[in-house]
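Both ligands and their constituent atoms are indexed starting at 1 by order of listing. No experiment lies behind these values; they were computed from the predicted model shown.
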Amino acid sequence: MKNLSISCVPSLSEEKLRQLILDTYSRPPACHIHTYGCAQNVSDSEKIMGILSGCGYVFTDKPENADLIVLNTCAVRENAHDRVFGNLGIFKKLKEQKGDLIICVCGCMTQQQQVVDTIKESYKYVDIVFGTYGAKMLPDMIYKVMTEKSRVLHLYSEGDLISEEMKQYRSDKVRASVPIMYGCNNFCSYCIVPYVRGRERSREVSAVCDEVKQLVENGCKEITLLGQNVNSYGYGFTSLLEKINAIDGDFRIRFLSSHPKDAGKELIDAILSLDKVCKHLHLPVQSGNDEILKKMNRHYTAQDYLDIVDYARSKDPDFSFTTDIIVGFPGETYEQFCDTKKLLHRVKFDNIFSYVYSKRSGTKAAELEDNVSDKQKGLLLRELLDEQRVITEDWLKRFVGKTLTVLPTEKGRTGENRLSGKSDENIIVEFDGGERLINTFVKVKIIKSMNWALLGEVL
Ligand code: SAM
Ligand code: SF4
Ligand code: F3S
């Protein structure tokens, strides 16, 4: 990874740590940061990197070369949790070889007191723990570890504050995520996020727009607005989209995630009328069965969901939808699972992200008997994915002969001279082209559909 300079005035604690680092190391110390979980966590890691870069750290992909290891964790499912503890075991060996290595665990998992207690008791080589709020205190924490040789294990809960001081370190100059809000108020019965990320807080419109302007001026081509439920953005989401769309420049706008209970015709109309907004909606449905949706506390029915899809497709038959699905929710019968399969066929998603239900302690669903066995959940997941493979393959065929706008970002997989990128519709498109086209918008005529992507030629 490259060391990018960050244009912000360092805080007093950053200055203090920067000086200590100059006195301690004969070269810039290296940090390895490993991020689990969603786009929000990736964005938080960019802020942590911004702070560390301001203190003099450079970044490395290799943990064995690091002076500081940061694990930014996710708590959404049990397997994410297990992987963190697995990785910590590996880093223990590195710490034995390099006594002054600093290990830090942060993020959603460590916003839970029981996890902090476990690390305190059983992972004594972890030096720093903080949750989802403490990033700006990190220079102070590292300073304390370096000068006092003590551990710093903290849970902060500044739930209502949004810090605009932390500048993000972005290694990708072309595609950037911009958080517009933090936290979640929805309390879907299975989900830990509201407990570890707190209640919804929205950034000011001016702060979001200024950040987007700056990114576009610096050459950014794709902005993804982030929030757990962007439709409940505190100052009006469609109005924010209009303001961002009005910013001068050659760029496109995406956003994640929308909640079906708050996404209606107004949102679809905005997407279709604003030229920079991609004609794609990630709209997590979770289940196609009304009883399960009720138990999940989602506040919509399968028909409500289909009404949104039908409205969008009545205006633009190529409108693309992706979704999240949970299989094996407590008490889910095979018939109820089949309602989800039916919904997949009806909507014709371009892609789905599907998960087996994972019990999270503290949530409402954790009080229900988790009565679908792991084996059964695995079978349901496979059945769902097999079904979706056919649907994706079929959906992609409609684009043959059409011209799509693609932002190629890397070399393709299907041929020597191929480039690969996503269309406005969020579909992977490969085509022959010189590397000079990478990171520019290209009009591509689709000549063939494959089961996972489209093949085209530059117009
Ligand atoms: N706020 C977004 C939303 O409502 O769609 C994203 C939330 S979460 C970070 C991403 C996905 O993880 C959810 O849409 C859901 O499908 C899945 N998920 C959340 N909790 C889960 C659990 N306990 N077990 C399995 N999957 C879960
Ligand atoms: Fe979790 Fe529901 Fe909030 Fe999404 S909307 S983060 S699934 S509680
Ligand atoms: Fe994201 Fe995982 Fe936290 S999905 S919000 S990193 S629990």
Side-chain angles (χ1 to χ4, degrees), residues 34-46 48 71-84 105-112 115 131-133 135 177 179-201 224-233 255-263 281-288 292-293 295-300 305 321-330 332 340 349 351-368 370 372 374 377-378 380-381 384:
H34 191 108
T35 310
Y36 301 84
C38 65
Q40 183 64 67
N41 242 23
V42 173
S43 171
D44 286 357
S45 283
E46 289 179 348
I48 292 171
L71 293 188
N72 191 7
T73 63
C74 167
V76 82
R77 285 171 287 274
E78 192 65 29
N79 55 0
H81 187 277
D82 293 345
R83 274 189 288 145
V84 170
V105 187
C106 61
C108 292
M109 240 173 92
T110 44
Q111 197 60 39
Q112 299 169 291
V115 174
T132 49
Y133 298 107
S177 297
I180 61 166
M181 58 196 297
Y182 300 92
C184 184
N185 290 353
N186 288 313
F187 290 93
C188 302
S189 65
Y190 49 82
C191 184
I192 196 75
V193 171
Y195 302 90
V196 293
R197 290 264 170 192
R199 297 298 75 74
E200 281 174 5
R201 287 94 69 200
T224 303
L225 306 174
L226 290 184
Q228 293 299 344
N229 176 11
V230 290
N231 310 108
S232 56
Y233 174 66
F255 54 88
L256 279 175
S257 286
S258 290
H259 193 302
K261 78 175 166 55
D262 301 314
L281 186 58
H282 181 67
L283 194 60
V285 66
Q286 314 298 355
S287 165
I292 295 292
L293 285 171
K295 281 191 185 172
M296 287 178 163
N297 197 29
R298 291 289 287 181
H299 298 283
Y300 55 84
Y305 189 93
F321 284 91
T322 51
T323 201
D324 293 350
I325 308 258
I326 296 177
V327 299
F329 187 81
E332 187 182 52
T340 303
F349 290 104
N351 200 359
I352 63 166
F353 301 87
S354 47
Y355 310 99
V356 295
Y357 169 74
S358 174
K359 180 175 173 174
R360 308 317 289 140
S361 75
T363 62
K364 268 274 166 226
E367 293 164 18
L368 304 170
D370 184 6
V372 186
D374 285 350
K377 284 177 187 163
L380 294 176
L381 190 68
L384 196 78

query: If you measure only the distance, is there a donor-acceptor pair under 3.5 Å linking the side chains of N229 and D262?
result: yes

query: Centroid-to-centroid, H259 to Y300, below 6.0 Å?
result: yes

- request: Enter the distance from K261:NZ to R298:CZ here, rounded to the nearest 0.5 Å.
  value: 8.5 Å

- prompt: Backbone N or O of R199 within a donor-acceptor pair of the N185 side chain at under 3.5 Å?
  reply: no

- request: For ligand 2, note which part of P194 has a heavy atom under 4.0 Å away: side chain, backbone, both or neither.
  value: side chain

- prompt: Which of the atoms in ligand 1, numbered in the order shown and given with their element, are less than 4.0 Å from a heavy-atom of R298?
  reply: 4 (O)

field: Metal environment of atom 3 (Fe) of ligand 3, protein N/O/S under 2.8 Å
entry: C108 SG

query: Is any N or O atom of S258, backbone or side chain, closer than 3.5 Å to an N or O atom of ligand 1?
result: no

task: Indicate, as side chain, backbone, both or neither, the part of R298 found under 4.0 angstrom from ligand 2 when only non-hydrogen atoms are considered.
output: side chain

field: Numbering as shown, the atoms of ligand 1 that approach I326 to under 4.0 Å (heavy-atom distance)
entry: 15 (C), 16 (O), 18 (N), 26 (N), 27 (C)

- prompt: Where's the contact between F187 and ligand 2, heavy-atom distance under 4.0 Å: side chain, backbone, both or neither?
  reply: backbone

R77 neighbourhood, listing ligand 1 atoms whose heavy-atom distance to it stays under 4.0 Å: 12 (O), 17 (C), 18 (N), 24 (N), 25 (C), 26 (N), 27 (C)

message: Just to check, does Q228 reach to within less than 4.0 Å of ligand 3 when the distance is taken from its heavy atoms?
response: yes

- prompt: Strictly under 6.0 Å, is that where the ring centroids of F321 and H282 end up?
  reply: no

- request: Indicate if the distance from atom 3 (Fe) of ligand 2 to the nearest N, O or S atom of C184 falls below 2.8 Å.
  value: yes

query: Against heavy atoms of S257, which atoms of ligand 1 measure under 4.0 Å?
result: 2 (C)

message: Does only the side chain of C188 get under 4.0 Å from ligand 2, or the backbone, or both, or neither? Count heavy atoms.
response: both

